[in-house]
Amino acid sequence: MPELPEVETVVRTVAPKLTGRRIVSARFSSKHVVRENFARLARRVAGRSIHGVTRHGKFIVIALDRGNLLVHLGMTGRLIVDGRTGPYTRAVFELDEGELVYNDPRQFGRIEWSEGLPDRVARLGPDALAVTEAEFVARLKARRRAQIKPLLLNQAFLRGLGNIYADEALFAAGIHPHADAARLSRPRARRLHAAMVEVLRAAIANKGSSISDYVYDEGRGGSHQQHLLAYGRTGEPCERCGAPIRRIVLGGRGTHYCPKCQRV
DNA sequence: TCAAATGTTTGATC
DNA sequence: GGATCAAACATTTG
């Protein structure tokens, strides 16, 4: 579920509640979510205080007085202060006041500790909300023979976009999902950058898109799903021209676009 | 009833 | 290096 706007919303929700708290103890129950030894990770975080919570692409970075606790929500992860525990609870951090609960039915999420940032995370591309237009255009030009949609999903190219907002950004910019990235004209590349930033900002303002699992707090979901113009609208008329939105599979991902408004 | 779909990353293979 | 595909898992949808 969670892409940049959803993760940003979770961070904003959780940060004020966690900052200044101390982790008393932690327990884990999923070998998928926690890859290292449970006891070792619990020892690492026990007794540490939380300095702040930030976002790195789709990663949630909980800064401790020593090292960082990284949480990735995968597709169905939920990170909630004083959240309800249940059959899908994979981690619980007892705090000096309250507790931080991680639920994740599909277990595609990850929780790990790192001194700084793990290499694979540090090496990701620039953040989709922070990248400048010039850098974005330059990076597009550098990709020979890459289709734009899968490229936007590649976190090593740009961090933060996922399937929903890649489709939305391309729709807003009028670019066909399988246009050749390096061959986009400068004005079209610039338009894509502007569209992407605008789409992400609007989604954050609406606290993300709640399509199936995503909530940012107990019982609270975002509302941006009501404003999506391409994603999930297969067969419905395009807001701009009325042609039915088409769905194809590109790079193994469902891809929604207007065959009339979006050109290669 | 069953295949296919779902926002994620990864690791293997070409 | 980079693209592509399958896999990890649980649940819902057609």
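Just so we're on the same page: letters track the sequence lines, and every chain starts at 1. In what follows, every heavy atom counts, from backbone to side chain, and hydrogens, waters and symmetry copies are set aside. Small disclaimer: the values here were computed from a predicted structure and weren't measured.
Other cluster members for A:Phe59: A:Val61, A:Leu70, A:Leu117, A:Val121, A:Leu124, joined by side-chain heavy-atom distances under 4.5 Å among Ile, Leu, Val, Met, Phe, Trp and Tyr. Through side-chain heavy atoms spaced under 4.5 Å, either directly or across other Ile, Leu, Val, Met, Phe, Trp or Tyr residues, A:Tyr257 is tied to A:Ile248, A:Leu250. Applying the 4.5 Å side-chain rule to ILVMFWY residues, one finds A:Leu229, A:Ile245 in the same cluster as A:Phe171.
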Can you give each donor-acceptor pair under 3.5 Å made by side-chain atoms of residues 35-47 of chain A, sequence neighbours left out, with the distance rounded to 0.1 Å?
unit_1  : atom_1 : unit_2  : atom_2 : d
A:Arg35 : NE     : A:His32 : O      : 2.7
A:Asn37 : OD1    : A:Ala39 : N      : 3.0
A:Asn37 : OD1    : A:Arg40 : N      : 2.9

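Note on A:Arg90: nothing from the nucleic acid sits closer than 4.0 angstrom, heavy atoms only. Within 4.0 Å of A:Tyr231, counting heavy atoms only, lie sugar-phosphate atoms of the nucleic acid but no base atom. Residue contacts shown for A:Gly252 are absent, as no nucleic acid heavy atom lies under 4.0 Å away. Residue contacts shown for A:Gly254 are limited to sugar-phosphate atoms, with no base heavy atom under 4.0 Å away.
As rounded to whole Å, 10 Å separates atom P of B:dT9 from atom CE of A:Met75. Distance A:Phe59 CZ to B:dT9 C1': 8 Å, rounded to the nearest Å. Atom C1' of nucleotide B:dT9 and atom CG of A:Leu161 are separated by 15 Å, given to the nearest angstrom. Rounded to an integer number of Å, the gap from CD1 of A:Ile164 to P of B:dA5 is 17 Å. Regarding A:Lys31, its NZ atom lies at a distance of 13 Å from the P atom of C:dC9, rounded to whole Å. Distance CG (A:Leu70) to P (B:dT10): 12 Å, rounded to an integer number of Å. Rounded to a whole Å, the NE2 atom of A:His72 is 11 Å from the C1' atom of B:dT10. What separates CZ of A:Arg123 from P of C:dG2 is a distance of 12 Å, to the nearest Å.
Of the residues in residues 124-153 of chain A, none lies under 4.0 Å from DNA chain B by heavy-atom distance. Taking every heavy atom of residues 104-112 of chain A and every atom of DNA chain B, pairs under 4.0 Å involve A:Arg106, A:Phe108, by number.
Secondary-structure stems of DNA chain C, taken as three or more successive Watson-Crick or G-U wobble pairs (i with j, i+1 with j-1) under a 3.5 Å distance threshold, comprise B:2-6 with C:10-14, B:8-14 with C:2-8.
At the phosphate of C:dA8, neither OP1 nor OP2 sits under 4.0 Å from any side-chain N or O atom of A:His32. In this model, the phosphate group of B:dT6 is not approached by any side-chain N or O of A:Arg253 to a distance below 4.0 Å at OP1 or OP2.
In the set B:dT9, C:dA3, B:dT6, C:dA3 carries the atom at the smallest distance from any side-chain atom of A:Asn154. Nearest to the side-chain atoms of A:Arg247 among the listed nucleotides B:dA5, B:dT8, C:dA8 stands B:dA5.
Counting heavy-atom neighbours within 6.0 Å of A:His178 NE2, excluding the residue itself, gives a total of 12 or less.
A salt bridge links A:Arg66 with A:Glu115; the closest basic N to acidic carboxylate O contact falls under 4.0 Å.
Under the salt bridge (charged side-chain N to carboxylate O under 4.0 Å, His left out) criterion, A:Arg120 pairs with A:Glu112, sequence neighbours left out. Scanning for salt bridge (charged side-chain N to carboxylate O under 4.0 Å, His left out) contacts around A:Lys149 gives A:Asp167, with sequence neighbours left out. Remark: A:Glu168 pairs with no residue by the salt bridge (charged side-chain N to carboxylate O under 4.0 Å, His left out) rule, at least two apart or across chains. Judged as a salt bridge (charged side-chain N to carboxylate O under 4.0 Å, His left out), and not counting sequence neighbours, the contacts of A:Arg48 are A:Asp65.
The closest side-chain donor-acceptor pair between A:Glu6 and A:Tyr165 falls under 3.5 angstrom.
Nucleotides B:dA4 and C:dA6, compared at atom P, are 12 Å apart to the nearest Å.
The side-chain hydrogen bond (donor to acceptor under 3.5 Å, both in side chains) analysis of residues 231-250 of chain A, with sequence neighbours excluded, yields the pairs A:Arg233-A:Glu236.
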